[in-house]
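We count residues from 1, following the sequence as given. As the structure lists them, so they are numbered: ligands from 1, and atoms in each ligand from 1. None of these values were measured; they are calculated from a predicted model.
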Amino acid sequence: MTGLADRLRAGETLISGWTQLPEPLVPELVARQGFDAVAMDMQHGLHDVQSVMRSISAVAYAGKPAVVRIAVGDNAMASRALDFGAEAVIAPMINTVEDARALVAATKYPPLGDRSWGPIRAMTVLGVPDLPTQLRTANQATVVFAMVETARALELVDEILAVEGLDGVFMGPSDLSVTLSGGKEIAATADWLDEPIRRLADRAKVAGKIAGAFAVNAARARFFIDCGYRFVCLGADQTYLAEGAKAMLAAARGQ
Ligand code: 3PY
Ligand code: MG
């Protein structure tokens with residue numbers, strides 16, 4: 001199986017599932033529904049270190065790459081997620097060049113960063129044959145996304161994109177709506193976000209980096225893809241469950 005990084009670097013557009021429930025059977029089930037990858041959310045989701053470690057294995061068992069969104073500033077966890085076998089890390093609220101540099105330092109081996117050595121579990125999950133291969137390939141085989149989801153980050157987008165070793169930026173439309181409206185609105189699908197959303201994809205393209213985004217629904221996923229986003233995370237496990245249950249029940253009631 002070609003890895004997530006290779007597919008994204010080759011220019012493919014991928015749609016990932018998103019999970020928040022701290023139970024490895026859920027990401028495995030999501031992985032088997034045809035998504036290109038599955039993300040575990042440690043920022044707003046209920047995942048913890050144990051559930052992420054076990055979920056990465058469950059997603060690998062389903063033949064898909066695992067992605068982890070860490071909590072704000074938790075670069076130690078970013079490094080651990082890669083050591084557990086995650087192929088990509090999404091870091092929220094990257095608002096300064098220093099935030100982006102610290103993220104790269106934790107997630108890339110020298111000379112790009114200071115990632116500490118200890119990848120035995122990752123090598124087992126990903127089938128890396130030996131230590132020299134891991135050292136030679138890991139920086140290129142892992143994708144590190146900085147979330148650009150605030151007014152502050154948008155102002156610095158070119159500088160953040162220029163940080164060496166950072167593979168891409170990732171749009172968080174909810175936080176963007178809250179910060180751009182000065183705390184007056186939460187509106188992940190509002191029309192007035194379209195311009196900054198398009199701008200982020202355009203700036204990433206100019207910088208030669210990958211643009212990712214979180215889509216609250218399928219229509220929004222289509223919009224992000226049309227804007228040039230190539231790693232789109234769609235919905236979340238709690239929504240899949242709730243909407244599937246409601247639709248099935250309504251159909252059974254003839255509604
Ligand atoms: C946002 O929309 O702010 C996100 O972080 C998506 O998960
Ligand atoms: Mg956010």
Would [X] and [Y] pass as an ion pair if we require N to O under 4.0 Å?
X	Y	result
K108	D114	no
R7	D36	yes
R80	D48	no
D167	K209	no

Exercise. Short N/O distance, under 3.5 Å, between W18 and ligand 1?
Worked result: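 N/O-N/O distance below 3.5 Å does not exist for this pair.
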
For this session: Please indicate whether any nitrogen or oxygen in L176 is less than 3.5 Å from any nitrogen or oxygen in ligand 1.
Result: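 No; the residue has no nitrogen or oxygen that sits under 3.5 Å from a nitrogen or oxygen of the ligand.
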
For [atom], find the nearest protein heavy atom and state the residue, atom name and distance (0.1 Å precision).
atom	value
atom 2 (O) of ligand 1	S174 N, 2.7 Å
atom 3 (O) of ligand 1	D175 N, 2.9 Å
atom 7 (O) of ligand 1	R69 NH1, 3.0 Å

Relative to the heavy atoms of [X], which atoms of ligand 1 are at a distance of less than 4.0 Å?
X	answer
E149	1 (C), 3 (O), 4 (C), 5 (O)
P173	1 (C), 2 (O)
G172	1 (C), 2 (O), 3 (O), 4 (C)

For this session: Identify, by name, the N, O or S atom of D175 lying closest to the Mg ion (ligand 2).
Result: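 It is OD2, the N, O or S atom of D175 closest to the Mg ion (ligand 2).
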
For this session: Report the name of the N/O/S atom of E149 located nearest to the Mg ion (ligand 2).
Result: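 Distance check against the Mg ion (ligand 2) picks out OE1 in E149.
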
Exercise. With a 4.0 Å cut-off on heavy atoms, does P92 reach ligand 1?
Worked result: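 The answer is no: ligand 1 sits nowhere under 4.0 Å from a heavy atom of P92.
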
Problem set entry | ligand 1 contacted by M147 (non-hydrogen, < 4.0 Å) |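 Flag set, M147 near ligand 1.
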
Exercise. For the hydrophobic clusters of this structure (ILVMFWY residues joined by side-chain heavy atoms under 4.5 Å, transitively), does one cluster hold both L154 and I186?
Worked result: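 No, L154 does not connect to I186 through the hydrophobic network.
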
For this session: Mark yes or no: R198 above the aromatic ring of F223, with NZ or CZ under 6.0 Å from the six-membered ring centre and no more than 45 degrees from the axis.
Result: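 No, R198 and F223 do not form such a contact.
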
For this session: Calculate, to the nearest 0.5 Å, the distance between atoms CD1 and CG belonging to I160 and N95 respectively.
Result: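 Result: 7.0 Å between the selected atoms.
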
Problem set entry | For F145, ring-ring contact (aromatic ring centres under 6.0 Å, His included) partners two or more places apart |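 So F145 forms a ring-ring contact (aromatic ring centres under 6.0 Å, His included) with F170, F231.
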
